[in-house]
Amino acid sequence: MEKEQYQQLEQQVTPKPPYLKNIVKAFFVGGIICTIGQAVSLFYMTFFNFTEQTAGNPTVATMVFFAMILTGLGLYKKIGQFGGAGSAVPVTGFGNAVISAAIEHKSEGYVLGVGGNLFKLAGSVVLFGVVSAFFVALIKYILVTLGVVSW
Amino acid sequence: MVIIFQTKPSILAGGVVAGPLEKRSTFSQYFDAISEDERWQMKTNEQGHRKMIQEACEIAMKKAGVKNLEVDFFLGGDLINQMTPTNFAARELAISFIGLFSACATSVSSVIIASLLTELGASNFSIAGASSQHNAVERQFRYPVNYGAQKPATAQWTVTAAGFALIGKHNDNLPSIEAATIGKVIDFGMDDPFHMGAAMAPAAFQTIQSHLEKRKQKFYNYDLILTGDLGQLGLKLLKGMFAESGVKQEELTLIRDAGTEFYGQDEAFQSGASGAGCSAAVFYSYIDQMMRAGRYKRVLLVATGALLSPLSYQQGETIPCTAHAIEITMK
């Protein structure tokens with residue numbers, strides 16, 4: 001059998017990823033995570049001296065803490081298998097990427113293992129997040145200067 | 001390349017040890033030991049991996065009543081960088097050792113070399129086989145074990161198991177190795193590391209086809225043709241290739257795949273099991289015992305291996321694969 005013929009056969013046999021099902025599952029899992037995040041945010045605003053602007057930081061820290069517990073118990077990977085992008089995109093997914101790497105590389109010691117590999121998966125999120133934030137800010141600055149929009 | 005063994009070396013004993021999750025395997029009743037701890041009470045996964053190999057080899061020797069000082073060669077491999085688990089196990093076993101890497105096909109390539117050494121008269125007893133440990137392999141080839149990435153339906157689950165066979169001179173009452181085919185490296189341009197069955201199926205096809213051709217045998221001359229770890233989709237593709245080449249549907253039922261059957265129909269394992277330990281565990285427990293019991297008289301074991309590394313696929317290389325086969329007969 002020729003390569004091209006085989007590739008056709010492979011296309012036939014391989015099931016298509018169930019996009020619609022995955023999107024619906026991601027929507028609900030992501031939605032639930034964000035609803036919990038909103039509840040945490042309201043908690044900080046109601047019981048502590050935080051405003052809508054300042055509640056973001058403690059909320060993110062709390063959500064990452066939850067992700068840490070779930071990762072340590074081996075539950076986050078199960079949520080991830082079900083929820084896909086729904087559990088990968090929110091900050092809990094970022095937390096999971098950092099914490100799973102930390103657990104994995106503990107065997108090589110704290111400096112070369114945990115320290116050196118902590119951002120192995122999350123590193124590109126940090127890098128491209130900062131780069132895209134820079135460009136978005138730059139575009140907005142130009143638009144404000146031109147008087148198209150205001151801060 | 002097909003080798004015909006004149007002296008027909010025998011499998012004197014098999015030793016198979018598996019991890020706790022493998023209790024769920026359809027083949028678990030045939031395994032010699034199942035560990036309650038995936039790290040074998042060691043500090044790291046890699047150390048547990050080493051201990052698992054050691055235990056499997058010791059079981060094979062014990063079953064045949066052979067001491068490690070009497071064993072001439074230890075041939076084996078695993079999937080971890082530089083094969084440290086097997087190298088370190090060889091240190092503990094203190095047997096003359098050569099590490100072999102054919103990815104998941106090492107379970108058979110090692111037995112071929114052991115049979116050749118036996119045929120040559122250089123070896124009275126040789127231990128050959130392969131192993132894999134899920135967590136250690138996962139972390140090296142994919143992501144940290146606890147990372148929540150979604151695996152597609154084409155993905156396979158690396159088995160935690162070690163399977164070794166003690167190969168010795170021919171014995172009429174034992175399963176014997178009559179012929180072997182050393183496979184070529186085949187690359188059909190597949191490049192998805194989460195779809196290894198599709199990459200390996202053409203290699204299995206080529207090896208089975210050239211083995212049958214050179215041996216002048218047909219499918220129905222075998223009780224079973226068992227591939228290593230193609231998974232459900234890889235097995236479908238292999239059968240599709242044979243159907244295309246004119247093999248009849250009823251003959252195709254003789255082809256089975258250890259990886260497809262390993263965890264039963266459990267969807268949590270997607271397309272099925274994989275890893276060097278998958279084929280090794282099934283070949284040297286289930287098949288060995290079925291042949292001893294006379295259930296099978298002639299089987300062809302085809303171990304398939306994907307010869308990729310995380311570096312090679314990140315650099316955009318396709319996945320070259322190989323398949324090695326041994327024909328085992330029982331009087």
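Residue numbering restarts at 1 for every chain, and letters A, B, ... go by the order of the sequence lines. Computed from a predicted model, the values in this text were never measured in an experiment. Atoms considered below: every heavy atom in the structure, side chains included; atoms not considered: hydrogens, waters and symmetry mates.
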Portion of A/Glu4 that has a non-hydrogen atom of chain B nearer than 4.5 angstrom
neither
Given the options [options], which has more heavy-atom pairs under 4.5 Å with chain A than any of the others?
options                                : answer
B/Leu233, B/Asp187, B/Val145           : B/Val145
B/Gly148, B/Pro144, B/Gly240, B/Pro202 : B/Pro144
B/Glu46, B/Lys151, B/Lys236            : B/Lys151

Pick one of side chain, backbone, both or neither for [X], based on which atoms fall under 4.5 Å of a heavy atom in chain A.
X        : result
B/Ala149 : backbone
B/Gln270 : side chain
B/Ser245 : neither

Which label fits A/Phe94 and A/Phe119: parallel for a plane angle under 30°, tilted from 30 to 60°, or perpendicular past 60°?
tilted
Select, from A/Ile99, A/Ile79, A/Leu9, the one with the greatest count of heavy-atom pairs under 4.5 Å involving chain B.
A/Leu9
Highest number of heavy-atom pairs under 4.5 Å with chain B among A/Ala85, A/Ala101, A/Gly83, A/Gly80 belongs to A/Gly80
Return yes if a side-chain donor-acceptor contact under 3.5 Å exists between B/Asp78 and B/Ser132, otherwise no.
no
When you check the side-chain N and O atoms of A/Thr92 and A/Tyr76, is any donor under 3.5 Å from an acceptor?
yes
Say whether, by atom type as modelled, one donor and one acceptor occur between the side chain of A/Gln7 and the main chain of B/Phe188 under 3.5 angstrom.
yes
Could you check whether any side-chain N or O of B/Gln156 sits under 3.5 Å from a backbone N or O of B/Asp229, counting only pairs where one atom can act as donor and the other as acceptor?
yes
Report yes if the distance between the aromatic ring centroids of B/Phe269 and B/Phe262 is under 6.0 Å, otherwise no.
no
